[in-house]
Engineer: 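One structure follows; several queries about it will come next.
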There are 2 protein chains.
Amino acid sequence: MSLQTLLNIHHDISHIKSSCSTCSLRELCLPVGLNEEEIRVLGDIASHKRRISRSGYLYRAGSKFQSLFAIRSGFFKTCILEQDGRQQVTGFHMTGELLGLDAISTEIHTCDAIALEHSEVCEIPFAKLEEISRTIPSLMHHFHKIMSREIVRDHGVMLLLGSMKAEERLATFLLNLSRRFVMRGYSEYNFNLRMTREEIGSYLGLKLETVSRAFSKLQDENIITIDNKHVQINDIVRLKIKMGNSTCIT
Amino acid sequence: MSLQTLLNIHHDISHIKSSCSTCSLRELCLPVGLNEEEIRVLGDIASHKRRISRSGYLYRAGSKFQSLFAIRSGFFKTCILEQDGRQQVTGFHMTGELLGLDAISTEIHTCDAIALEHSEVCEIPFAKLEEISRTIPSLMHHFHKIMSREIVRDHGVMLLLGSMKAEERLATFLLNLSRRFVMRGYSEYNFNLRMTREEIGSYLGLKLETVSRAFSKLQDENIITIDNKHVQINDIVRLKIKMGNSTCIT
DNA sequence: TGCTTCGATTGATCTGAATCAAAGCGATTT
DNA sequence: AAATCGCTTTGATTCAGATCAATCGAAGCA
């Protein structure tokens, strides 16, 4: 697949929403189709909030699955530690998304969840969720939908990576992030990267040097621009999406 | 990760069960924890059977999601057709597994499901399943568990592939298949590959020549042996799993 | 202010997989 | 039996990405 083609596929990312810094439970739930009653009930059991500072663990691999977490603000990575000590990033999770799904079938967390910046989550005890779902069955149904959607979203991206080159992988990754930012109400093509080149590389199956080179190349080709060079893990990435033959803006 | 390490991880594949050629609904459901009543109810709505011959479509990408399919016998691949016409394999599915999950969040199938050999499936209309779940809520709950388990299983494998070399990818793939065969009651380390080198390569992000070379190398290293050479897509693969320093048998 | 640290960038070299090309085997057809 | 077809294997060459290595910029600290 040519990079051009790749970019064209995603040209539908074109509607801007206002910016928001923290995400209410309502904002998390409405797009999924929960009704007012369901949101109210959910609010009751999900009242407990936790703050995690940068590099802090939300949960660890091997620990018992007890809660799902709705990210109110911040950014997380999930990763597994391999036998040889290397850390493999399995996903990135942003404000407004659900965390903890890795354990849904095993009852045991299969990966670590680590904050990439100061973050705040809303804890949803799974036992309570199941309990309440006995009286409101649709609630669990909605949750399963959210869950499978998030799992499938990632899965789909990963599958396609197999046949791609470094530059295409990075572009796919950025477009995926972009789409998720837009969905959460952030501005269209400008966003901050909270993770390092190494973490991106781990996720995409590339080395950090290769990621860096791919970034440079995408800049040379005017596909992205990066402000604040060298501001570590805080680059502002501005995607210039090209449509057809013309170049459509930042 | 060294290949040796890789193989060690999976040394727990060590219990043999008897062989079975078709899988009853009961066999499919029991391991998941469904009780007799639930199985009976499920049997009522899942009575319709379909036979698909080699290369036949079970469903197509873009079609509306209506049913889940329990594979009673046979072997399927799921794949997506990219813009440029190339076919990307997204998964393999064997007797006793559930098919159709790709559409669970979108209501539209995202990939084609194609039989790799003459196969038989049991159709489970999703609408009926939802209807019945209203009176037996645990049923849908069980199903969601099966679904997330199957999705996560694949997802986990794919994520790890990123950092692996060709030989390791193939070994991981074979071990994954092996484990699934064992779970379904087939003998331990001997099984038939129903897919071509090209399909394996597509799934693993490798070219068919590379897959072929990796097979040869694994043979040279006595890690596998292949009988009936050149019997197309019908190789008998015998895995010799090595544990610790000693070599533990076929 | 200078020193250290962490991450990013860039260059040079090496290597594993893609690519191009040619046989090979088994099954099926004629 | 000969010819064809589909899939696999193997060899030679090329190239993308890994690896090794040096430098740099920004932030934090003594």
Side-chain angles (χ1 to χ4, degrees), chain A residues 1-3 54-55 77 84 86-89 116-117 161-171 173-174 192-220 224-237, chain B residues 1-3 54-55 77 84 86-89 114 116-117 161-173 192-221 224-237:
Chain A
M1 185 190 320
S2 79
L3 195 56
R54 182 164 149 65
S55 300
K77 69 173 173 184
D84 54 16
R86 274 184 307 109
Q87 176 183 277
Q88 161 94 335
V89 175
L116 294 174
E117 61 181 334
L161 290 185
S163 56
M164 292 185 189
K165 304 197 179 308
E167 223 178 309
E168 295 168 331
R169 291 189 194 206
L170 183 58
F173 171 70
L174 292 174
N192 291 6
L193 293 182
R194 292 276 122 103
M195 67 294 281
T196 66
R197 303 290 185 256
E198 186 164 22
E199 286 163 339
I200 296 174
S202 173
Y203 182 65
L204 296 177
L206 300 170
K207 290 291 153 185
L208 70 98
E209 296 95 328
T210 309
V211 174
S212 180
R213 277 183 246 269
F215 265 114
S216 302
K217 217 150 169 240
L218 287 177
Q219 272 200 101
D220 292 348
I224 62 171
T225 58
I226 302 181
D227 299 335
N228 277 343
K229 270 204 173 193
H230 293 118
V231 171
Q232 54 188 69
I233 61 168
N234 238 343
D235 299 339
I236 309 248
V237 173
Chain B
M1 186 189 320
S2 79
L3 194 57
R54 182 163 149 67
S55 301
K77 69 174 173 183
D84 55 15
R86 275 184 307 109
Q87 176 184 274
Q88 160 95 338
V89 175
I114 302 174
L116 293 174
E117 61 181 335
L161 290 184
S163 56
M164 291 186 190
K165 305 197 177 310
E167 222 178 309
E168 296 168 330
R169 291 189 194 206
L170 183 59
T172 303
F173 171 70
N192 291 7
L193 294 181
R194 294 272 119 103
M195 67 293 283
T196 68
R197 302 289 186 256
E198 186 164 22
E199 286 162 339
I200 296 173
S202 174
Y203 181 64
L204 296 178
L206 300 169
K207 291 291 152 185
L208 69 98
E209 295 96 327
T210 309
V211 174
S212 179
R213 276 183 246 269
F215 265 113
S216 303
K217 216 148 170 242
L218 287 178
Q219 271 199 101
D220 293 346
E221 293 161 351
I224 62 172
T225 59
I226 302 180
D227 299 336
N228 277 343
K229 269 202 173 193
H230 293 118
V231 171
Q232 55 188 71
I233 61 165
N234 238 343
D235 300 339
I236 309 246
V237 173

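In what follows, chains are A, B, ... by sequence order, proteins preceding strands, each numbered from 1.
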Engineer: Can you tabulate the close N/O pairs, meaning under 3.5 Å, that link protein atoms to atoms of nucleotides 16-18 of chain D?
Structural biologist:
from   : atom 1 : to     : atom 2 : distance (Å)
D/dG17 : OP1    : A/A166 : N      : 2.6
D/dA18 : OP2    : A/K207 : N      : 3.3
D/dA18 : OP2    : A/T210 : OG1    : 2.3

Engineer: When the distance from CG of B/L161 to P of C/dA17 is rounded to whole Å, what number comes out?
Structural biologist: 13 Å

Engineer: For A/E117, what residues pass the side-chain hydrogen bond (donor to acceptor under 3.5 Å, both in side chains) criterion, not counting sequence neighbours?
Structural biologist: A/R194

Engineer: Let me know the distance between NZ of A/K217 and P of C/dT10, rounded to the nearest Å.
Structural biologist: 13 Å

Engineer: For the side chain of A/S212, starting at C-beta, report the closest nucleotide among D/dT9, D/dT8, C/dT9.
Structural biologist: C/dT9

Engineer: Testing the basics here: between B/V89 and B/S202, what is the closest heavy-atom pair and its distance to 0.1 Å?
Structural biologist: N-OG, 2.8 Å

Engineer: Testing B/E199, B/E198, B/R213 for side chain to side chain contact (heavy atoms under 4.5 Å, CB included) with B/L208, which one passes?
Structural biologist: B/E198

Engineer: Send over the distance from B/R54 CZ to D/dG6 P, rounded to a whole Å.
Structural biologist: 11 Å

Engineer: With B/K207, which residues qualify under side-chain hydrogen bond (donor to acceptor under 3.5 Å, both in side chains), at least two apart?
Structural biologist: none

Engineer: C/dT9 C1' sits how many Å from A/R197 CZ, rounded?
Structural biologist: 9 Å

Engineer: Nearest heavy-atom pair of A/A214 and A/E167: which atoms, and what distance?
Structural biologist: CB-CA, 4.3 Å

Engineer: In whole angstrom, what separates A/L193's CG from C/dG7's C1'?
Structural biologist: 14 Å

Engineer: Let's test your reading of the model: under 3.5 Å, does the base of C/dC6 pair with the side chain of A/E198 as donor and acceptor?
Structural biologist: no

Engineer: Heavy atoms only: give me the nearest A/T210-A/A166 pair and the separation to one decimal.
Structural biologist: CG2-CB, 3.7 Å

Engineer: With a 4.0 Å limit, can you tell me whether A/S216 has a side-chain N or O closer than that to the phosphate oxygens OP1/OP2 of C/dT10?
Structural biologist: yes

Engineer: Rounded off to whole Å, could you give me the CG-to-C1' distance for the A/L208 and C/dT10 pair?
Structural biologist: 12 Å

Engineer: Listed by chain and number, what are the side-chain hydrogen bond (donor to acceptor under 3.5 Å, both in side chains) partners of A/K165, not counting sequence neighbours?
Structural biologist: none

Engineer: In whole angstrom, what separates B/E209's CD from D/dT10's C1'?
Structural biologist: 10 Å

Engineer: How long is the line joining CG of B/L204 and C1' of C/dA18, in whole Å?
Structural biologist: 15 Å

